[in-house]
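A quick write-up on the structure given underneath.
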Amino acid sequence: MNNWKTIFLFMIAGLLIYEVYRNVQQDDYRKSFKGETIALVTINEGSREDKVLRYYFYTDRKILGKIGNRSRHNSLYKEINKFYRVKYDMNNPEENEIFLEEELKPDSLSLVKVGFTKTKYYEYDDATAKYLEKSKWK
């Protein structure tokens, strides 16, 4: 019976060591990201346990990204239509990391330079019975 306890303890210790090693490897990989640009958060959906935040940015094409409810991002879910810094792998932009700690306030020229465009749309206003012209970044 004692042998089973010992084997079980070694298995638990091995799993813990593996998790630490995997997290260190993943952090080192993310630190190697050389590309940096601006991302727009578009969707913040789901219940507290199943929260998903979606964002996109442009390299030479539009890249979609998302993060699920990971412990290090629990308190960082932000409102939609806000801009944040994103770093990505130059060879594989789908591998990226968004930094939600600080919202960016880029000017129009910066946004156009990194690939965003401003589009007009119209919204009906019941109070005035008119369509109001609005715009948003895409």
Side-chain angles (χ1 to χ4, degrees):
M1 189 65 172
N2 237 358
N3 287 340
W4 287 108
K5 289 180 185 178
T6 305
I7 291 171
F8 182 72
L9 288 174
F10 276 117
M11 285 176 50
I12 296 296
L15 285 173
L16 288 173
I17 290 170
Y18 173 74
E19 264 311 297
V20 168
Y21 174 75
R22 191 175 69 126
N23 285 338
V24 167
Q25 289 289 87
Q26 193 172 31
D27 285 343
D28 286 346
Y29 175 65
R30 287 188 172 142
K31 287 178 184 173
S32 73
F33 292 169
K34 300 292 183 215
E36 186 172 324
T37 190
I38 299 170
L40 175 63
V41 172
T42 56
I43 299 175
N44 190 358
E45 64 185 9
S47 66
R48 184 164 182 83
E49 296 81 30
D50 300 320
K51 197 71 144 172
V52 174
L53 181 111
R54 297 180 196 273
Y55 58 94
Y56 68 91
F57 62 95
Y58 294 92
T59 54
D60 54 345
R61 58 189 167 85
K62 186 175 182 179
I63 306 293
L64 299 173
K66 76 174 188 175
I67 54 176
N69 192 2
R70 290 187 265 169
S71 59
R72 71 186 229 190
H73 292 294
N74 272 349
S75 62
L76 298 177
Y77 288 103
K78 307 295 183 181
E79 298 176 34
I80 60 172
N81 298 323
K82 305 280 181 172
F83 294 98
Y84 298 93
R85 182 171 66 100
V86 67
K87 290 187 82 173
Y88 60 92
D89 183 336
M90 299 286 277
N91 298 322
N92 184 12
E94 285 80 12
E95 295 290 326
N96 58 71
E97 182 173 16
I98 190 167
F99 295 89
L100 299 169
E101 292 81 12
E102 183 180 340
E103 178 187 343
L104 299 178
K105 303 281 188 186
D107 60 19
S108 298
L109 292 176
S110 298
L111 291 174
V112 169
K113 185 178 175 183
V114 297
F116 288 95
T117 58
K118 197 166 200 170
T119 58
K120 290 182 185 178
Y121 67 99
Y122 296 89
E123 212 171 75
Y124 187 74
D125 182 23
D126 289 330
T128 62
K130 292 182 181 181
Y131 283 94
L132 304 176
E133 184 177 296
K134 297 191 175 199
S135 63
K136 64 180 175 181
W137 287 100
K138 286 187 146 198

Taking side chain to side chain contact (heavy atoms under 4.5 Å, CB included) as the definition, give me every residue that meets it alongside [X], ordered by chain and number, with sequence neighbours left out.
X: Asp126; result: Tyr124
X: Asp125; result: Ala127, Thr128, Leu132
X: Leu109; result: Asp107

Q: Would you confirm whether Asn96, through its side chain, and Pro93, through its main-chain N or O, come within 3.5 Å as a donor-acceptor pair?
A: yes

Working to the nearest 0.5 angstrom, can you tell me the gap between [X] [atom1] and [Y] [atom2]?
X: Ile38; Y: Ile98; atom1: CD1; atom2: CD1; result: 11.0 Å
X: Glu123; Y: Glu133; atom1: CD; atom2: CD; result: 12.0 Å
X: Lys82; Y: Leu40; atom1: NZ; atom2: CG; result: 11.0 Å
X: Asn81; Y: Thr42; atom1: CG; atom2: OG1; result: 8.0 Å
X: Tyr55; Y: Leu100; atom1: OH; atom2: CG; result: 8.5 Å
X: Glu103; Y: Phe83; atom1: CD; atom2: CZ; result: 9.0 Å

Q: Might you point out which heavy atoms bring Arg85 and Leu104 nearest each other, and give the distance in Å?
A: N-CD1, 3.5 Å

(Q) I'd like to check the ring-ring contact (aromatic ring centres under 6.0 Å, His included) partners of Phe57; sequence neighbours left out, ordered by chain and number. (A) Tyr88

(Q) Can you confirm whether more than 12 heavy atoms, excluding those of Phe99, are under 6.0 Å from its CZ atom? (A) yes

**Q.** Contact list for residues 112-121, test side chain to side chain donor-acceptor pair (under 3.5 Å), sequence neighbours left out
**A.** none

**Q.** Residue list, side-chain hydrogen bond (donor to acceptor under 3.5 Å, both in side chains) with Glu36, at least two apart or on another chain
**A.** none

Q: Give the ring-plane orientation class for Phe116 versus Tyr56, where under 30° counts as parallel, over 60° as perpendicular and anything between as tilted.
A: tilted

Q: Answer yes or no: is there a side-chain heavy-atom contact under 4.5 Å between Asn92 and Phe33?
A: no

Q: Decide side-chain contact (heavy atoms from CB on, under 4.5 Å) for Val41 and Tyr84; before the verdict, give the C-alpha distance in whole Å, the side-chain angles of both, and the deciding distance to 0.1 Å.
A: CA-CA 8 Å; Val41 172; Tyr84 298 93; 3.5 Å; yes

